[in-house]
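The next block holds one structure in the form of C-alpha cells; read it before the comments.
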Amino acid sequence: MADSSIRFAGIANKMGKMVASEFREGVKPLLTDEEVEGSAVKSVLRMKTREDYESRLGRAVYTFTLYEKVKRASIPLMHGDYALLLMSFDNYARHEEIILGKVLPLLKKHRLISSSE
C-alpha cells in the first residue's frame, strides 16, 4: 500500500460491487464483508448524486468522513468499469497528504482519474 496508515483499499464498480479489496496486514476489519459491500453501494450512490453540482463546483476529487474509530475516503474513478476507490485510514493518518501526494498521482499514472486533478 502507498502508506502504512492505510487500513483498507477497495475498488467498487458502478453498481457498488467490490471488484478488488485488500486490508493492511494485521488489521482487524471493523465491518463484515456484507457491511463493506453495503457501504460500497451507498458510497457509489452518494457520489453519483454529487454529479448534479459538477457544473457549478467542479468534479469531486474525493470525499472524506471522520469516524470515532477510523477515517474513510472515497475517490471517484474515471474508468468504464470502476466507479470508486474506497479507503480507510488509521485515525492518526495525515489522510489529505496521503491522498493528494501519494494516491492521486498513482491513480493518474494508471489513468484511473483525469490528469486535471
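The first residue in the sequence is number 1, and the count goes up from there. As the structure is a computational prediction, the values presented were derived from the model and not from experiment.
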Salt bridge (charged side-chain N to carboxylate O under 4.0 Å, His left out): pairs with one or both residues in residues 62-72, sequence neighbours excluded:
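Residue pairs with at least one partner in residues 62-72: there are none.
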#### Entry: Pairs where residues 25-34 contributes a residue and the test salt bridge (charged side-chain N to carboxylate O under 4.0 Å, His left out) is met, not counting sequence neighbours
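Every candidate salt bridge (charged side-chain N to carboxylate O under 4.0 Å, His left out) pair involving residues 25-34 fails, so no pair, neighbours aside, qualifies.
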>> Rounded to the nearest 0.5 Å, what separates atom OG in Ser21 from atom CD1 in Ile11?
In response: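 Ser21 atom OG to Ile11 atom CD1 measures 9.5 Å (nearest 0.5 Å).
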Check your understanding: In Å, rounded to the nearest 0.5 Å, how long is the span from CG of Leu45 to CG of Leu84?
Key ->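 CG of Leu84 is found 10.0 Å from CG of Leu45.
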Check your understanding: In chain order, what residues pass the side chain to side chain contact (heavy atoms under 4.5 Å, CB included) check against Ala12, with sequence neighbours excluded?
Key ->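 So Ala12 forms a side chain to side chain contact (heavy atoms under 4.5 Å, CB included) with Met18, Ala40, Val44, Leu86.
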Residues clustered with [X], ILVMFWY side-chain links under 4.5 angstrom:
| X | value |
| --- | --- |
| Tyr92 | none |
| Met15 | none |
| Leu106 | none |

| request: May I ask whether Leu31 and Val41 are part of the same hydrophobic cluster, defined by side-chain heavy atoms of I, L, V, M, F, W, Y residues being less than 4.5 angstrom apart, directly or through others? | output: no
| request: Would you sort out whether Met87 and Arg7 count as a side-chain contact (heavy atoms from CB on, under 4.5 Å), showing the intermediate values? | output: CA-CA 7 Å; Met87 302 182 74; Arg7 295 173 48 86; over 6 Å; no
Can you check whether Ala93's main-chain N or O pairs, donor with acceptor, with Asp90's side chain at less than 3.5 Å?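 The answer is no, because no donor-acceptor pair under 3.5 Å joins these two groups.
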Heavy-atom closest pair, residues [X] and [Y]:
| X | Y | result |
| --- | --- | --- |
| Leu30 | Glu35 | O-OE1, 4.4 Å |
| Leu107 | Ile75 | CD1-CG2, 3.9 Å |
| Met47 | Ala60 | SD-CB, 4.0 Å |

Note to self: If the threshold is 4.0 Å, N to carboxylate O, is there a salt bridge linking Lys17 and Asp81?
What the structure shows: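 No, no charged N to carboxylate O under 4.0 Å.
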task = Apply side-chain hydrogen bond (donor to acceptor under 3.5 Å, both in side chains) to Arg50 and list each qualifying residue two or more places apart in sequence or on a separate chain.
result =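 side-chain hydrogen bond (donor to acceptor under 3.5 Å, both in side chains) check on Arg50 returns nothing, list empty.
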Test of understanding: with salt bridge (charged side-chain N to carboxylate O under 4.0 Å, His left out), list the residues that count as partners of [X], not counting sequence neighbours.
| X | value |
| --- | --- |
| Glu97 | Arg94 |
| Glu51 | Lys48 |
| Lys102 | Asp3 |

How about [X] and [Y]: do any of their side-chain heavy atoms sit closer than 4.5 Å?
| X | Y | result |
| --- | --- | --- |
| Pro29 | Phe8 | no |
| Ile6 | Arg24 | no |
| Leu104 | Val61 | yes |

Inset, instruction - Answer yes if the side chains of Thr49 and Arg46 hold a donor-acceptor pair under 3.5 Å, and no otherwise. - result: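 No, no side-chain donor-acceptor pair sits under 3.5 Å.
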So the ring-ring contact (aromatic ring centres under 6.0 Å, His included) pairs with at least one residue in residues 40-71 (sequence neighbours excluded) are Phe64-His95
inquiry  = I need the full list of ring-ring contact (aromatic ring centres under 6.0 Å, His included) pairs touching residues 71-91, with sequence neighbours left out, sorted by first then second residue.
reply    =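 The answer is His79-Tyr82.
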When Val103, Leu112, Ile99 are each screened for side chain to side chain contact (heavy atoms under 4.5 Å, CB included) with Leu85, the one that passes is Val103
